[in-house]
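Here the structure comes first, spelled out in C-alpha cells, and everything after it is commentary.
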Amino acid sequence: GPLAIEFSQTVDLEDVKNTNPLLREGGRFAPVDCTALQKVAIIIPFRNRFEHLKYWLFYLHPILQRQQLDYGVYIINQHGEDTFNRAKLLNVGFMEALKEYDYNCFVFSDVDLIPMDDRNIYRCYSQPRHLAVSMDKFGFRLPYNQYFGGISALSREQHEKINGFPNDYWGWGGEDDDIYNRIIFKGMKISRPSGGIGKCRMIRHNRDKNNAPNPQRFNRISKTRQTMEHDGLNSLKYTVLEVKKYPLYTFIDVDIGGPGRPPSR
C-alpha cells in the first residue's frame with residue numbers, strides 16, 4: 001500500500017546491506033519460495049548522484065523484494081565531463097545486463113524517483129509501461145498525456161522492436177518523447193497504473209552543470225519516424241571502462257563519447 005517517503009534522514013549503505021540479507025552480490029535477488037514470473041533488470045543512468053543513489057537503494061530494495069521479483073540493479077555511470085545522455089546510458093544498461101543474465105524485462109529509472117506505493121509493480125506488461133504517473137514535482141498529475149519520463153518498463157521484445165532508445169539526445173529533455181513516438185509508431189501503446197498507485201516522490205536537486213536543456217530536442221522529436229530505424233540499439237557504440245559488483249548494485253563505468261566525439265576504443 002502507500003508508503004511514507006522522506007529524505008531528511010541520513011542513509012548508511014552498510015545498514016541497508018544488513019537489513020536486506022537475502023541480496024546477492026551486485027544487487028541481485030530472487031525469491032526463495034517461488035519462481036518469479038519475470039527476470040527484471042533495473043537500469044539507472046548515473047553521474048555524480050551518490051546521495052540520491054543511497055536513498056534509492058534504501059527504499060527500493062525492500063519494495064522490490066516484497067514484489068517478489070527476480071531482479072538486478074545496474075548503475076550505468078557516464079564517465080567524464082561530456083554532456084549527459086540519459087537515453088544512450090539506458091541502451092548501454094540493456095546490452096550490459098543481458099551479458100549477465102537472461103533478463104526479459106527492463107525497468108529504466110531515474111535515480112531521484114521513489115515510488116510512494118509498493119503496488120506499483122516494477123515489471124513488464126503486454127504494452128510498454130509508464131510507472132512514474134504522478135510525481136510530486138508535477139502536483140501529482142501527469143504533465144501531458146504522452147509523458148513517458150522518469151520510470152518506465154519495457155520487455156526485451158518491446159525494447160528491441162523500437163530499436164531501443166535514441167543515442168543522439170545530449171543534454172536534458174526530449175528523449176522520453178522520442179521513445180513515446182517510437183512506441184506509437186510500432187503499433188504499441190502506453191500502459192499505466194492509476195494515478196494513486198503511480199505516485200512518486202522526487203529528491204530535490206539542482207540540475208547538473210553538464211545537463212543543460214537540449215536546444216535541438218524539438219527538432220529531433222519531429223523526426224523520430226525517420227531516425228528510429230538507424231539510431232538506437234543497432235548504432236550503439238560505447239566502451240566499458242569498469243564493472244564493479246557492490247553488495248547493493250552493479251556499477252558499470254562507461255565512455256559513451258560526447259556530442260560529436262566517439263567513445264574511446
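Note that this is a predicted model, so its numbers are computed, not measured.
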Between the side chains of D102 and K39, is the shortest nitrogen-to-carboxylate-oxygen separation below 4.0 Å, so that they form an ion pair?
yes
Taking the cut-offs as 6.0 angstrom to the six-membered ring centre and 45 degrees off its axis, would you call R86 and F84 a cation-pi pair?
no
For L89 and I76, the nearest pair of non-hydrogen atoms, with its separation, is O-CG2, 3.6 Å
Main-chain N/O of F7 paired to Y55 side chain as donor or acceptor, under 3.5 Å
yes
Side-chain donor-acceptor pair under 3.5 Å between Y238 and N91, yes or no?
no
Listed partners of C124 passing disulfide bond (SG atoms under 2.5 Å apart), at least two apart
C105
Partner of D136 under salt bridge (charged side-chain N to carboxylate O under 4.0 Å, His left out), chosen from R141, K199, R201:
R201
Salt bridge (Lys or Arg N to Asp or Glu O under 4.0 Å) between R220 and D178, intermediate numbers included
CA-CA 8 Å; R220 288 201 192 283; D178 189 290; over 6 Å; no
Among pairs that include at least one residue of residues 144-154, which meet side chain to side chain donor-acceptor pair (under 3.5 Å), considering only residues two or more places apart or in two chains?
Y144-D177
Heavy atoms of other groups near K237 NZ, more than 12 under 6.0 Å
no
Is a donor on one side and an acceptor on the other found under 3.5 Å between the side chain of D12 and the backbone of E14?
yes
State whether the side chain of Q158 and the backbone N or O of S126 hold a donor-acceptor pair below 3.5 Å, judged by distance alone.
yes
So among Y249, Y71, F29, which one has a ring-ring contact (aromatic ring centres under 6.0 Å, His included) with H61?
Y71
Would the distance check show the side chain of D231 and the main-chain N or O of N167 forming a donor-acceptor pair, the cut-off being under 3.5 Å?
yes
Please determine, by modelled atom types, if D255 and H79 share a side-chain donor-acceptor pair under 3.5 angstrom.
no
